[in-house]
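If you're wondering where the values come from, they're calculated on a predicted model, not measured in any experiment.
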Amino acid sequence: MTTLRFEDGTVHVDGDPDVGAALADLSSVEADPRSGGYRAPAMQYAAIRDALDAAGLNYDDRVAATTHSGLALTTTYDLREYQRAALDAWLDGDSRGVIELPTGAGKTVIAVAAMVAHSVPTLVVVPTIDLQDQWIRELETEFDVPVGRFGGGEQRQEALTVSTYDSAYLRADDVGGDFGLVVFDEVHHLGGAGYQDIPRFLTAPARLGLTATFERPDDAHEQVAELVGPRVYELAVDDLAGDHLADYEVRRIEVELTAEERGTYDEAQETFVNYLRTSGLSMQSGSDYQKLVMRSGTDPRAREALLAKQRARDVMMNSDAKVDKLARLLARHRDDRVIIFTASTDLVYRIARRFLVPPITSETGTKERREILTRFRDGTYDTVVAANVLDEGVDVPDANVGILLSGSGSEREFTQRLGRILRPKADGSTALLYELVSVETAEERVAERRR
DNA sequence: GTAAACACCAAGGCCTTATGTGCT
DNA sequence: AGCACAATCTCTCTTGGTGTTTA
C-alpha cells in the first residue's frame, strides 16, 4: 500500500512501484534511494495527490489524517461587495492566490470567510507581534475556539494558530503537515529568501496571501506567486476612496535648501559624481550601486564617494528649511490630527524637541509606545512624529493629516503611510497628505519613483 | 519565583539614475 | 541601430528571537 506522509518539510511517498510513473511529470519530485520511495518539498503535496488520483492509485494519506479534524467554523459577518468578489476570485483560483487591497479595506474578514469556507486547521502568518495580537483577538471573538500562538515567547499549537514569520520559519519543518489552509498577512514579506522556506515546508493546499502592495521592485513577487499563488484580485486606494475610504489629496511642497545646506549638498554630490566619472562606474542598475559598495571595501576613494552620497542624502532629507515649513503646516492644522513621517531618527527627536510632539522610533519601548498611541487615540495628543515605525504592522489611531518630511523611493512605504490617514471620516471630510521635497536635489527623483 | 528590561544577533528592505559593453 | 545587462557586503532603520540581568 502506498503511503503519503510529512517529514521535515517534505512529503514522502512510499510503496507502490507505479508511483514513479505517476509522478514523473512533477519536476520537483526526487527518488529517495534510502527508502526506495519518492520525496518532494511539502508544498507539492496537493500536486502529488492530484497526480496519484489521476493515475488511479490508492494510497494511505497520513498527511490528511492530521489535517482534517472536523472543524466547523461559522461566521455572522456580512462581506462587502468587493470583499465577496475577492473571496470568490480566490476560491475560483483553486484556493490559491494573493488578494491586494489597500490598508483599511478589511482584509482580515476576507481571511475569516476563507477559513469558514474551508473549515480546516489554519495557520496565519504575520510579520509583527502587534499584528499577531490583533489576529488572535479577532479569531477568538469570531469563532469562539482556542487560538494558538507561535512567537512572542510562546509556542502553543491549536487548530487555528497565528505565527510570526520568524517563528513560522523555525517551526515549519516540524508542523508543516498540520494545516489545510495557510494565510500570509502582508505577504510581500515572503520576498525574503529565508522566509520562502515557510510556504515550501507547508503541505497546506489552500493558500491565501494578503497585502496592500503585491509587486516588489526586486521582482520577488514572481516567486511569491509560485509559492502562494498568483494575484487573483486587486483594488487600489483610488477604487475605494470616497466610498469605503476617505477622499484624499496629496500636496507636494517644494522647499529650498538653506545656503549652507546647499553648499554641503553640492559639494558632497560632486564628490560622488566625480568618482563615478573617473572610476568608469555608472549608476544605471541596482547592481552598479552594489559594485560601488563592493569597491568601497578596498578602495578609499570609493568609500569616500559612498560617504559623500550619504551626507548629501542626510542634508536633503533633514533640511532645516523643511522644519521651518513644518512649523507653518502645524500652525495651519492646529485643530487637526496629524502624523509626521520621517526617514531618520535624529530628525524625529529634533522635531519632538522643537514642537513638543511625542516621538516614536525603534528606540521607543513597547510600553511607552502603547501609551503614546493610546493618548493619540483619546485626543490627549493631536500630533505624533515617527520614523519608519508606524508604516506597517501597528494599529495606529486615525488621523486626517499626514506630513511626509522624508522617505525612501519605495512605493510600498508611500502607500502604507497614505493608508494611515484614510479611514473614513465621520463628517466625510478629505484627508490631506503633504510631501516636503528639497528642490534641485536627488529627492525630486525619489519622490517621483514612489508614485 | 516570576516578569519585565536589556543587550545582542540576524534578517529584511532600501540605497542609484542614465554609461559602457557585447549581442542581435 | 537598438537592446539587454552588468555583481555581493556599506548604511540606516526596524523587527523578532534568545539569553542574561534586574526588580
First encountered from the 5' end of DNA chain C, between A/A168 and A/T345: A/T345
Look at the aromatic rings of A/Y195 and A/Y165 and report parallel, tilted or perpendicular, splitting at 30° and 60°. tilted
Please classify the nucleic acid contact of A/Q132 as base, sugar-phosphate, or nothing, using heavy-atom distances under 4.0 Å. nothing
Could you tell me whether A/E158 and A/R156 have a side-chain N and a carboxylate O separated by less than 4.0 Å? yes
Quick test of your reading of the model: are A/R375 and A/E371 salt-bridged, counting only N-O distances below 4.0 Å? yes
Name the pairing partner of B/dT17, where a pair is Watson-Crick or G-U wobble with both distances under 3.5 Å, or state none. none
Let me know the distance between CG of A/L131 and P of C/dT14, rounded to the nearest Å. 17 Å
In whole angstrom, give the distance that lies between atom CG of A/D219 and atom P of C/dC5. 11 Å
Gap between atoms CD and P, on A/E215 and B/dC14 respectively (whole Å): 13 Å
Need one value for A/G151: base, sugar-phosphate or nothing, where a base atom within 4.0 Å counts as base even if backbone is also close, heavy atoms only. sugar-phosphate
Whole-Å distance separating the CD atom of A/E392 from the P atom of B/dG13: 10 Å
What interatomic distance, in whole Å, is found between C1' of B/dG12 and the corresponding atom of C/dT8? 16 Å
Just by modelled atom types, is the A/A168 backbone N or O under 3.5 Å from a matching donor or acceptor in the A/S163 side chain? yes
Could A/E186 and A/K107 be called an ion pair, given the rule that one side-chain N must be under 4.0 Å from one carboxylate O? no
Spacing between A/Q269 atom CD and B/dT16 atom C1', to the nearest angstrom: 10 Å
Sort out the partner of C/dG2 for me: Watson-Crick or G-U wobble, both distances under 3.5 Å, none otherwise. B/dC23
Both A/V273 and A/E411 contact DNA chain B. Which one's nearest nucleotide lies toward the 5' end? A/E411
Nearest whole Å is fine: how far is C/dG16 P from A/Y165 OH? 13 Å
Write down the distance separating the C1' atoms in B/dT16 and C/dC11, rounded off to the nearest Å. 14 Å
NZ/NE/NH1/NH2 to OD/OE distance under 4.0 Å, A/R171 and A/D178: no
Which whole-number value in Å describes the distance from A/D166 CG to C/dT18 P? 9 Å
Counting only side-chain nitrogens and oxygens, does A/S167 get under 4.0 Å of the OP1 or OP2 atom of C/dG16? no
From C/dC13, B/dC14, C/dT14, pick the nucleotide closest to the side chain of A/P217? B/dC14
Is the shortest side-chain N/O distance from A/R412 to OP1 or OP2 of B/dG13 below 4.0 Å? no
Please measure how far the P atom in C/dT10 lies from the corresponding atom in B/dA11, and state the result in whole Å. 16 Å
The correct set of residues in residues 362-375 of chain A placing a heavy atom under 4.0 Å from DNA chain C is A/S362, A/R369
Do the side-chain N or O atoms of A/S408 get closer than 4.0 angstrom to the phosphate oxygens (OP1, OP2) of B/dC15? yes
Would you say A/D378 and A/T380 are linked by a side-chain donor-acceptor pair, where the criterion is simply a distance under 3.5 Å? yes
What distance, rounded to whole Å, do you find between the two C1' atoms, one in C/dC13 and one in B/dT17? 23 Å
With heavy atoms under 4.0 Å as the rule, sort A/I129 into base, sugar-phosphate or nothing. sugar-phosphate
Between A/E215 and A/R231, is the closest basic N to carboxylate O distance under 4.0 Å? yes
With distance as the sole test, does A/K322 use its side chain to make a donor-acceptor pair with the main-chain N or O of A/L405 at under 3.5 Å? yes
Whole angstrom is fine here: how far is it from CZ in A/R216 over to P in B/dC14? 7 Å
Would you mind telling me which residue lines up with the more 5' stretch of DNA chain C, A/R313 or A/T128, judged by nearest nucleotide? A/R313
Examine C/dC11: is either OP1 or OP2 under 4.0 Å from a nitrogen or oxygen in the side chain of A/R303? Give yes or no. yes
So does A/K309 get a side-chain nitrogen or oxygen closer than 4.0 Å to the phosphate oxygens (OP1/OP2) of B/dT17? yes
Closest to the A/F272 side chain, choosing from B/dC14, C/dT14, B/dT17: B/dT17
Does B/dC14 have OP1 or OP2 under 4.0 Å away from a side-chain N or O of A/Q310? no
